[in-house]
Amino acid sequence: MSSNRKILVLPGDGIGPEVMAEVVRVAEWFDKRRIASFDMTEDLVGGAAYDAHGTPLHNDTMARALAADAVLFGSVGGPKWEHLPFALRPERGLLRLRKEMDLFANLRPALVFDALIGASTLKPEVIQGLDLMIVRELTGGVYFGEPRGVELLADGTRRGINTQVYTTPEIIRVARVAFELARKRRNRVCSVEKANVMESGEMWREEVQKLRDSDYPDVELQHMYADNCAMQLVRNPKQFDVIVTDNLFGDILSDCAAMLTGSLGMLPSASLGAPDASGRRKALYEPVHGSAPDIAGKNMANPLACMLSFSMMLRYSFDLAEEADLVDQAVKRVLDAGIRTGDIMQPGMKKVSTREMGDALVQELEALAA
Ligand code: NAD
């Protein structure tokens, strides 16, 4: 089938190519079954790009990413490239993509599959049925604010400075992403800052409230201090639908939320940019995990985080909600059937390879589509 859905596939290093191969199989299954088609191009990133071109991201690849409707990213890095100067390290390839695509909103769902409830360190009743989404501002805040640095004082001691800076447009564009997402979910947003001790936090709160009142009166909005949010995430995470927060608090809270689910091999993510004239956003989808050099090349990696990232792409870049549901359902059924890669293995379950997990998924997709 021909398609106008242009996807750039960047498998990267380590387990990246292994998990991505299973995603490509699923994409091809959609095409073969004439459910949805994609125009997929593959390219190099990270250490693989360095080996081929002497740079972790070739300019041609960058141009392809900017021209694509979505980028599917595997993982980068590994011991082979650790000695390289900072600017040539595999991770720089990913950072350049994020920067030049201006991906300012990072979406991380925390979703607990019933079959994996035992993988969490929290009590089953606290996390059963958990389905929340953290939207983290990714290109502003204290990680980028000026002035920054370390200065030497007259008395020989030092002073370290980082500055939290947010402008109205930066807050509004990320809050808008959260409100739009909430409308496709349970219609609730919790905006998180430290308005009690930070002026920028107080302003964040006011801007989010204003936007809600003017453009999203149908969405329920709550404000919460970041310290309380951290506590609530482990106390009663099911109270949340969509959480929107700044770069620093989002960094911490999204890792905290991720660990509610207990397994790195299961966590997808999306990074979104601003919508163009047609309403389509630049977007990059990637598993949260890294290149796992300890198991790379052994056909052991869990492809489900990458698969769920693909499902997010269907949902958020192409509005293919039914097709995304199909992938999510197939993942759920494979887990319910007791099929596990090593990282999520439990007693009495069937341990499978990366490839066999892909086989099981395609089988479930066939059954669901029959
Ligand atoms: P990692 O996520 O690669 O691995 C941590 C542990 O989790 C390892 O034991 C690994 O085997 C396991 N694991 C991770 N993903 C798995 C999967 N899908 N299936 C089964 N097990 C899985 O993190 P790390 O070891 O800290 O980093 C390794 C390399 O990856 C480094 O070079 C690091 O810079 C890079 N990294 C890249 C990204 C990215 O590409 N976005 C993110 C994090 C780390």
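Read the numbers this way: they start at 1 and go in the same order the structure lists the ligands and their atoms.
Taking a cutoff of 4.0 Å between a charged side-chain nitrogen and a carboxylate oxygen, R183 and D218 qualify as a salt bridge. Salt bridge status for K332 with D336: present, with a side-chain N to carboxylate O gap under 4.0 Å.
No side-chain heavy atom of I339 sits less than 4.5 Å from a side-chain heavy atom of M349.
For the side chain to side chain donor-acceptor pair (under 3.5 Å) test, no residue two or more places apart in sequence or in another chain qualifies with R158. Remark: E146 engages no residue in a side chain to side chain donor-acceptor pair (under 3.5 Å) (not counting sequence neighbours). In terms of the salt bridge (charged side-chain N to carboxylate O under 4.0 Å, His left out) criterion, R92 has no residue partners (sequence neighbours excluded).
Contact residues for ligand 1 (protein heavy atom closer than 4.0 angstrom to any ligand atom): I15, F73, S75, V76, G77, G78, E91, L94, L264, G265, E286, H289, G290, S291, A292, P293, D294, I295, A301, N302, D343.
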